[in-house]
Amino acid sequence: MALKRFCGKQGCKELVTGNERYCEAHQDQIRSYDQQRGTAAERGYDSKWRKAREGYLRKHPLCTYCFQRGYLAAATVVDHIVPHRGDKQLFWDRKNWQPLCKQCHDTKTAKEDGGFGNEC
């Protein structure tokens, strides 16, 4: 007998079993979102981006948020300060980039995109 746990959608009280992360209702929502969002390459994160990201992190090796709080942490992500939402000009505007560690980037993204119970 598989253990049951709550659906991964914030606030959902449905139980799921096995390897499922979301209940039936939320699986459809997640699939729909992923299909609309497109692949990483379709969103601009291709070989050109990887090369630019690498160079930027070499020049800016510390996480901006951690540094502002008095900590030294290696930056591993180039974050778009203002989410580009598909705007290629904003995507490539280096003044809109900042170096962040993965933890700071994940927290910022979750706040912007409706994670942790926030509304989008």
Side-chain angles (χ1 to χ4, degrees):
M1 185 192 297
L3 291 175
K4 291 187 176 188
R5 63 185 182 286
F6 287 109
C7 170
K9 176 73 174 167
Q10 182 76 23
C12 181
K13 303 287 189 233
E14 293 293 319
L15 295 175
V16 297
T17 57
N19 293 331
E20 295 297 324
R21 183 168 177 199
Y22 298 99
C23 68
E24 204 169 303
H26 291 121
Q27 280 180 348
D28 292 340
Q29 288 178 358
I30 298 301
R31 261 189 234 109
S32 174
Y33 171 75
D34 285 345
Q35 288 171 348
Q36 291 171 4
R37 189 170 184 227
T39 66
E42 289 170 342
R43 294 189 323 268
Y45 299 100
D46 53 12
S47 60
K48 182 181 174 186
W49 167 255
R50 286 189 294 276
K51 187 175 179 179
R53 174 196 165 276
E54 223 174 80
Y56 187 84
L57 289 175
R58 265 196 305 275
K59 291 178 183 175
H60 307 277
L62 298 177
C63 173
T64 298
Y65 285 6
C66 288
F67 189 77
Q68 289 170 350
R69 294 189 326 261
Y71 301 107
L72 293 180
T76 56
V77 178
V78 175
D79 174 61
H80 291 91
I81 299 166
V82 175
H84 60 85
R85 308 265 190 247
D87 179 338
K88 291 296 182 190
Q89 188 170 354
L90 189 57
F91 183 93
W92 288 107
D93 181 359
R94 289 179 180 251
K95 289 181 242 143
N96 189 41
W97 294 1
Q98 66 182 340
L100 296 179
C101 66
K102 182 175 181 342
Q103 183 177 358
C104 288
H105 181 262
D106 290 353
T107 301
K108 176 183 180 276
T109 301
K111 287 178 183 175
E112 290 172 350
D113 291 352
F116 302 134
N118 298 312
E119 293 299 318
C120 292

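What you are looking at is a predicted structure, and each value in this text was computed from that prediction instead of being measured.
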Review item, side-chain donor-acceptor pairs of residues 51-58, under 3.5 Å, at least two apart:
{"unit_1": "R53", "atom_1": "NH2", "unit_2": "T76", "atom_2": "O", "d": "2.6"}
{"unit_1": "Y56", "atom_1": "OH", "unit_2": "W97", "atom_2": "O", "d": "3.1"}

Looking only at heavy atoms, the pair that brings C12 and C23 closest together is SG-SG, 3.9 Å
Here the pair of heavy atoms bringing E112 nearest to P83 is OE1-CG, 3.5 Å
**Q.** K4 backbone acceptor or donor facing T17 side chain under 3.5 Å
**A.** no
Check whether H80 reaches the backbone of F91 with its side chain - one donor and one acceptor, N or O, closer than 3.5 Å. yes
The salt bridge (Lys or Arg N to Asp or Glu O under 4.0 Å) partners of R50 (sequence neighbours excluded) come to none
When rounded to the nearest 0.5 Å, the distance separating CG of L100 from OG1 of T109 is 8.0 Å
When rounded to the nearest 0.5 Å, the distance separating SG of C63 from CD of Q98 is 8.0 Å
The complete set of salt bridge (Lys or Arg N to Asp or Glu O under 4.0 Å) pairs with one or both residues in residues 89-105, sequence neighbours excluded, reads K102-D106
Salt bridge (Lys or Arg N to Asp or Glu O under 4.0 Å) pairs touching residues 73-85, sequence neighbours excluded, are D79-K108, R85-D113
Any chain of hydrophobic side-chain contacts (each under 4.5 Å) joining L15 to Y22? no
Sorted by chain and number, sequence neighbours left out, side-chain contact (heavy atoms from CB on, under 4.5 Å) with L62 holds for F67, L72
Applying side-chain contact (heavy atoms from CB on, under 4.5 Å) to K48 and not counting sequence neighbours gives D46, W92
Kindly indicate whether the side chain of C104, heavy atoms from C-beta on, has any atom under 4.5 Å from the side chain of R69. yes
Heavy-atom neighbours of R5 CZ exceed 12 at 6.0 Å: yes
